[in-house]
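One structure is given here, and the rest of the page talks about it.
Here the structure is a predicted model, which means the values were calculated and not measured. We number each residue from 1, following the sequence as shown.
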Amino acid sequence: MVRLLGWVAVCLLGAQPLWAQTQGVGCDGAVVLKDGRSGACTELAQTIAALLEEPAVARDHWGIAVIGMDGAPIYSLNEGQLFQPASNAKLFTTAAAMALLGEKATYQTKVLARGVFADGGRLRGHLVLVGNGDANLSGRVLPYVAPVPGRKPVVEDVGPAPLRYLEEMADQVAATGLKSIEGDVIGDDTVFPWEPYAQDWVIDDAVWGYGAPVSALTINDNQIKVTVTPGDVVGAPASVVIDPAVPYYTLDAEVTTGAAKSGSTVQMERAPGSKVLRIYGTVGLRGQPDVEEIAIQDPAEYAAVAFKGMLEARGIHVSGVAKARHRVLLDTESFTRESGAVGEATGVSPQQRIEPADDAAFEAAMSGEEKILATHTSVELLQDVVVTNKMSQNLHAELLLRQLGAARGRDGTIAQGARVVRQFLLSAGIDKDDFVFFDGSGLSGHDLVTPRATARLLQYASGQSWFADWKSSLPVGGVDGSLEERFMKAPLKGKVWAKTGTLGEARALSGYVECASGRTVIFSIMVGNHLPQTNADREVTNKMVAAIAAAN
């Protein structure tokens with residue numbers, strides 16, 4: 001029999017909370033409390049105890065907090081212990097963004113001409129594409145629209161072009177009469193320091209779109225789509241197509257067509273810092289193409305390469321090259337001190353330098369005239385929060401964290417963003433030892449949070465002016481986002497608003513559920529150290545939510 005410590009059972013007849021410590025998961029008869037008193041188990045406590053005795057999850061580490069919308073405790077298990085939140089971290093980041101940045105905040109991307117303007121539409125200087133943290137310079141259709149129930153995407157579902165906003169800005173530049181640039185096209189993301197990855201992000205993640213580097217000049221979610229399609233006969237080379245078709249990566253592709261029933265064994269690799277994408281393996285004859293989202297090594301450089309090509313396609317000659325301009329931190333304080341997680345933030349700005357290395361040439365161009373040739377304004381922040389939570393978009397959460405650091409901190413670093421979030425959570429009444437965040441998305445293995453802190457955040461949010469919009473950004477059970485295929489049947493379909501989380505052997509689900517009685521309650525369920533390659537803990541979590549809804 002597995003041993004579970006520190007769960008709380010609260011009688012549903014209005015009794016005060018009974019802080020219990022049981023030496024077994026069985027819940028028949030009396031429970032011995034910490035202070036020696038005894039109290040009866042609730043039906044909910046008995047149901048959860050039985051679920052946690054299932055062999056497939058009995059060795060997992062569980063943390064649960066269930067409270068009313070008024071904060072009154074209903075049930076808890078290990079609620080004060082720390083767990084990896086995974087994408088539950090996005091609850092904290094997006095709530096802070098709604099409260100501190102405002103749901104109507106927007107960000108503007110600019111194209112600046114810097115240098116000396118001569119007759120005939122000539123620019124002796126550089127054209128600079130300046131990012132300001134807009135997360136949606138992409139083909140994404142906004143506002144977010146929930147998928148049609150039962151309808152799966154088909155090949156013909158072609159949306160807007162991924163680089164449509166760059167194309168629009170290129171059109172604006174061409175309309176000014178500019179004919180030639182005697183200089184470079186530069187992607188400038190210096191509004192945030194160049195910190196593409198947070199502490200303890202897994203190196204394997206950096207290849208894929210969900211682990212894309214973070215840049216103030218974000219293009220197409222900083223990822224490209226790679227499609228590998230089998231040839232006509234076994235042994236024939238497979239075709240490899242990249243979208244958008246920007247000449248950025250060098251392909252080293254050796255993919256062949258396998259037997260009809262062989263399936264796909266396609267592998268994709270890229271060494272850190274390299275722009276060589278190696279693709280190898282086989283894809284089965286008459287099988288479905290293998291489609292993967294691959295991260296862009298340097299988004300600002302990629303944007304410059306794409307934009308240069310667009311300008312040239314519009315008849316604008318560029319004598320120079322496409323390059324990135326970064327603001328690189330040279331020496332920083334330890335993250336824990338700078339973020340305020342340990343001790344106090346010092347308030348000392350980190351030393352830094354601007355790249356590229358030939359900055360003297362850049363500054364010479366800066367001494368000339370500056371003109372704004374094109375602009376694009378982002379959607380309002382609320383629309384991006386919806387995308388971040390519904391789709392569990394890591395990159396967008398990281399950009400929100402840096403926006404918080406820039407607006408309420410000093411310099412837009414990851415640590416300053418984490419410090420702003422920390423101060424927000426402390427002001428919301430969350431215990432200082434109940435959380436620590438090293439990023440905004442939950443990809444960092446250093447992130448830790450307790451179920452009670454998560455439940456407290458959800459309860460705090462319910463009293464804020466932005467609550468209705470923020471709650472609507474959460475995935476809805478059986479309807480959309482990462483819960484589209486969970487809680488698909490009555491009585492829970494459309495009654496659960498919650499954020500999922502998955503990272504290695506950690507999983508989480510936290511949010512709101514409308515119960516059988518019509519009452520809405522708050523829950524946070526976290527599990528650590530579940531067996532790899534299994535979803536048993538997710539199924540048990542679903543059953544727990546159903547039990548919570550039935551018992552309240």
Side-chain angles (χ1 to χ4, degrees), residues 85-91 93-95 135-136 138-160 208-211 221 223 225 288 291-293 379 382-397 441-443 454 458 468-503 506-515 520-527 530 533-549:
S87 284
N88 267 206
K90 295 181 178 71
L91 291 169
T93 305
T94 58
N136 291 289
S138 67
R140 180 177 290 107
V141 177
L142 294 173
Y144 173 89
V145 177
V148 177
R151 181 180 182 272
K152 297 298 182 181
V154 294
V155 176
E156 289 74 18
D157 290 344
V158 179
W208 309 105
Y210 66 82
D221 292 338
Q223 62 186 22
K225 181 169 71 175
Q288 292 295 316
V291 181
E292 304 290 350
E293 303 291 350
V379 298
L382 173 60
Q383 292 190 36
D384 187 54
V385 166
V386 173
V387 170
T388 303
N389 284 331
K390 294 281 190 189
M391 301 177 64
S392 204
Q393 227 296 342
N394 294 322
L395 173 64
H396 292 216
S441 64
L443 270 179
T454 310
L458 292 163
D469 287 335
W470 183 70
K471 180 187 174 188
S472 69
S473 77
L474 301 179
V476 181
V479 176
D480 64 18
S482 55
L483 286 183
E484 181 184 355
E485 296 184 356
R486 293 173 70 174
F487 310 110
M488 297 177 67
K489 298 180 180 179
L492 292 183
K493 183 175 182 178
K495 303 295 184 180
V496 180
W497 296 262
K499 184 71 198 72
T500 54
T502 302
L503 183 69
R507 213 178 322 251
L509 185 69
S510 302
Y512 309 89
V513 57
E514 186 177 321
C515 301
T520 297
V521 302
I522 295 165
F523 67 90
S524 178
I525 303 172
M526 297 184 174
V527 59
H530 68 74
Q533 307 301 319
T534 178
N535 289 323
D537 58 295
R538 187 178 70 177
E539 299 308 315
V540 167
T541 295
N542 291 351
K543 293 176 182 178
M544 286 185 192
V545 175
I548 293 167

Looking at every non-hydrogen atom in both residues, tell me the closest pair between [X] and [Y] and how far apart they are.
| X | Y | answer |
| --- | --- | --- |
| Leu492 | Ala549 | CD2-CB, 3.7 Å |
| Ser473 | Val385 | OG-CG1, 3.8 Å |
| Ala86 | Gly501 | CB-C, 3.6 Å |
| Ser482 | Pro475 | OG-CG, 3.4 Å |
| Ser441 | Ala89 | C-CB, 3.9 Å |
| Ala508 | Met526 | CB-CG, 3.9 Å |

For the atom pair [atom1] ([X]) and [atom2] ([Y]), what is the distance rounded to the nearest 0.5 Å?
| X | Y | atom1 | atom2 | result |
| --- | --- | --- | --- | --- |
| Glu293 | Trp208 | CD | CH2 | 10.5 Å |
| His530 | Thr541 | NE2 | OG1 | 9.5 Å |
| Thr534 | Arg507 | OG1 | CZ | 7.5 Å |
| Thr454 | Ile525 | OG1 | CD1 | 11.5 Å |
| Leu382 | Thr94 | CG | OG1 | 10.5 Å |
| Asn389 | Asp480 | CG | CG | 11.0 Å |

Flag the pair [X] / [Y] as yes when at least one side-chain heavy-atom distance between them is below 4.5 Å, and no otherwise.
| X | Y | value |
| --- | --- | --- |
| Val513 | Val521 | yes |
| Trp497 | Leu458 | no |
| Arg486 | Leu509 | yes |
| Ser87 | Thr500 | no |
| Val386 | Pro143 | no |
| Met544 | Phe523 | no |
| Arg140 | Asp221 | yes |

Under 3.5 Å donor-acceptor, [X] side chain and [Y] backbone:
| X | Y | result |
| --- | --- | --- |
| Lys390 | Leu474 | yes |
| Asn88 | Lys499 | yes |
| Tyr210 | Ser392 | no |
| Thr93 | Lys90 | no |
| His396 | Ala135 | yes |

Q.
Atom NZ of residue position Lys225 - does it have more than 12 heavy atoms of other residues, nucleotides or ligands inside 6.0 Å?
A. no
